[in-house]
Amino acid sequence: MKHTNLKPVALLIILLAIGYSLSAQYQNLGDVNRAPAKTKGPSPWFLGGMIGGGFSSYGGTFTISPLVGYQVSEKFQVGSRLTYIYSNYDYGTPIGRQSFNDYGASILGRYDLFRGVFGQVEYEILNVQYPSYYGTSMEVTNHTVSSLFLGGGFMQSVGGRGFTTIAVLFNVLESEYSPYSNPLIRIGFGVGL
């Protein structure tokens, strides 16, 4: 099994730390009578993600993908997503039912183009279990799959700090081991902290 390259994750953590320190505001506490102190606004951090799945007469998949993000500016967001995909399929006699566990992480950037319509770029590294058939037997091997998703979508506010998103993304690094097919449609949710 190959080791996952942690450089993109480390880069995201550094960018988030720099962005957070740059967003700190100066507050003059010397003369209270001059101007009232600014009240603390909403946090630029948000949590979200998606849950999905698919089922057929042969088996199914379940996906959970939590996301943590940071509002860098009014129009730009960065975030990191963890992904876990569980699959279970019946391959018939003599192989039978088999389960697979895929997992990984990604970093993403979103830019608000116009009133909730956004462009998105996301880089993901996923460890995928892949079946290979040899006559009447099957061998499962692990593969590290890199994906680069480009696309866009729409974000809608729900309530005070909640939001939903729908995005259409294309994997421009498509490989034979990728669990995704183009286009990838993601429906997600989130809440500001």
Side-chain angles (χ1 to χ4, degrees), residues 4-23 41-54 61-87 101-128 143-193:
T4 303
N5 186 351
L6 296 178
K7 287 181 184 176
V9 175
L11 178 62
L12 175 66
I13 291 170
I14 291 168
L15 288 174
L16 290 176
I18 291 170
Y20 185 72
S21 65
L22 291 176
S23 71
S43 170
W45 293 95
F46 59 91
L47 296 176
M50 62 172 218
I51 297 174
T61 64
F62 171 75
T63 302
I64 185 165
S65 188
L67 173 115
V68 62
Y70 186 80
Q71 187 83 29
V72 177
S73 70
E74 185 178 326
K75 292 188 170 273
F76 184 59
Q77 299 174 342
V78 294
S80 181
R81 177 191 314 273
L82 297 176
T83 299
Y84 172 73
I85 304 169
Y86 171 79
S87 305
N101 296 286
D102 305 333
Y103 56 89
S106 66
I107 56 174
L108 64 94
R110 280 187 194 140
Y111 187 80
D112 183 24
L113 300 169
F114 178 75
R115 295 188 183 186
V117 176
F118 62 85
Q120 180 170 319
V121 60
E122 181 173 352
Y123 179 73
E124 178 185 68
I125 297 175
L126 200 63
N127 180 50
V128 176
H143 298 273
T144 300
V145 176
S146 295
S147 299
L148 179 62
F149 300 107
L150 302 176
F154 182 74
M155 181 182 298
Q156 176 68 46
S157 294
V158 178
R161 299 172 113 172
F163 61 90
T164 61
T165 60
I166 183 166
V168 178
L169 304 170
F170 292 87
N171 183 6
V172 296
L173 299 179
E174 202 169 12
S175 77
E176 65 178 300
Y177 302 115
S178 175
Y180 308 114
S181 58
N182 280 325
L184 178 64
I185 299 173
R186 285 191 178 154
I187 299 173
F189 57 91
V191 63
L193 298 178

*Asks:* Quick check against the 3.5 Å criterion: does T63 have a side-chain atom that pairs as donor or acceptor with the backbone of G53?
*Replies:*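 No, T63 side chain to G53 backbone: no donor-acceptor pair under 3.5 Å.
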*Asks:* Mind listing the closest non-hydrogen atom pair of G104 and L126 along with its distance?
*Replies:*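 Reported closest heavy-atom pair: N-CD1, 3.5 Å.
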*Asks:* Which pair of non-hydrogen atoms, one from G109 and one from F76, has the smallest distance, and what is that distance?
*Replies:*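 Looking at all heavy atoms of both residues, the closest pair is CA-CE1, 4.4 Å.
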*Asks:* Let me confirm one number: the OG1-CG distance from T83 to N127, rounded to the nearest 0.5 Å.
*Replies:*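 Answer rounded to 0.5 Å: 12.5 Å.
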*Asks:* Give, for atom OH of Y180 and atom CG of L169, the distance between the pair rounded to the nearest 0.5 Å.
*Replies:*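 Interatomic distance, Y180 OH to L169 CG, rounded to 0.5 Å: 10.5 Å.
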*Asks:* Exactly one of F189, F46, F154 should register a ring pair (Phe, Tyr, Trp, His ring centres under 6.0 Å) with F163. Which one does?
*Replies:*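 It is F46, the one option of F189, F46, F154 that forms the ring pair (Phe, Tyr, Trp, His ring centres under 6.0 Å) with F163.
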*Asks:* Hey, what do you get for OG (S146) to CG (L173), rounding to the nearest 0.5 Å?
*Replies:*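 Between atom OG of S146 and atom CG of L173 there are 7.0 Å.
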*Asks:* Would you mind reporting whether F62 and I51 have side-chain heavy atoms less than 4.5 Å apart?
*Replies:*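 They are in contact (side-chain heavy atoms under 4.5 Å apart), so the answer is yes.
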*Asks:* Answer yes or no: is there a side-chain heavy-atom contact under 4.5 Å between T165 and R186?
*Replies:*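 Side-chain contact under 4.5 Å: no.
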*Asks:* How many angstroms lie between atom OG of S80 and atom OH of Y123, to the nearest 0.5 angstrom?
*Replies:*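 Result: 13.0 Å between the selected atoms.
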*Asks:* Go through it in stages, so that I can follow the logic: the residues are E124 and F149, the test is side chain to side chain contact (heavy atoms under 4.5 Å, CB included), and I'd like the CA-CA distance, side-chain angles, deciding distance and then a yes or no.
*Replies:* CA-CA 8 Å; E124 178 185 68; F149 300 107; 3.9 Å; yes
*Asks:* Applying side chain to side chain contact (heavy atoms under 4.5 Å, CB included) to D102 and V145, what does each step give before you reach the verdict?
*Replies:* CA-CA 10 Å; D102 305 333; V145 176; over 6 Å; no
*Asks:* Restricting to non-hydrogen atoms, name the atom on N171 and the atom on S178 that form the minimum distance, rounded to 0.1 Å.
*Replies:*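 Taking every non-hydrogen atom into account, ND2-OG, 3.8 Å.
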*Asks:* What distance do S106 atom OG and R81 atom CZ have between them, rounded to the nearest 0.5 Å?
*Replies:*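 Reported to 0.5 Å precision, the distance equals 5.5 Å.
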*Asks:* Dump the intermediate steps for side chain to side chain contact (heavy atoms under 4.5 Å, CB included) on L193 and L47, then the final yes or no.
*Replies:* CA-CA 7 Å; L193 298 178; L47 296 176; 3.9 Å; yes
*Asks:* Does Y86 offer a backbone N or O that forms a donor-acceptor pair with the side chain of N101 under 3.5 Å?
*Replies:*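 Not at all, since once roles are kept as given, no pair shorter than 3.5 Å links the two residues.
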*Asks:* To check you understand the geometry: which heavy-atom pair defines the closest contact between Q71 and E74, and what is its length?
*Replies:*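 Of all heavy-atom pairs spanning Q71 and E74, the closest is NE2-O, 3.2 Å.
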*Asks:* For the residue pair T164 and I187, establish whether any side-chain heavy-atom pair is separated by less than 4.5 Å.
*Replies:*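 No, every pair of side-chain atoms sits at 4.5 Å or beyond.
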*Asks:* Can you find a heavy atom in the side chain of V78 that is under 4.5 Å from one in the side chain of I107?
*Replies:*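 With C-beta onward as the side chain, the pair stays apart.
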*Asks:* Checking the side chain of N182 only, and the main-chain atoms of F170 only, is there a donor and an acceptor separated by less than 3.5 Å?
*Replies:*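 Checking the backbone N and O of F170 against the side chain of N182, no donor-acceptor pair under 3.5 Å is found.
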*Asks:* When rounded to the nearest 0.5 angstrom, what is the spacing between OG in S147 and OH in Y177?
*Replies:*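 The distance works out to 14.0 Å.
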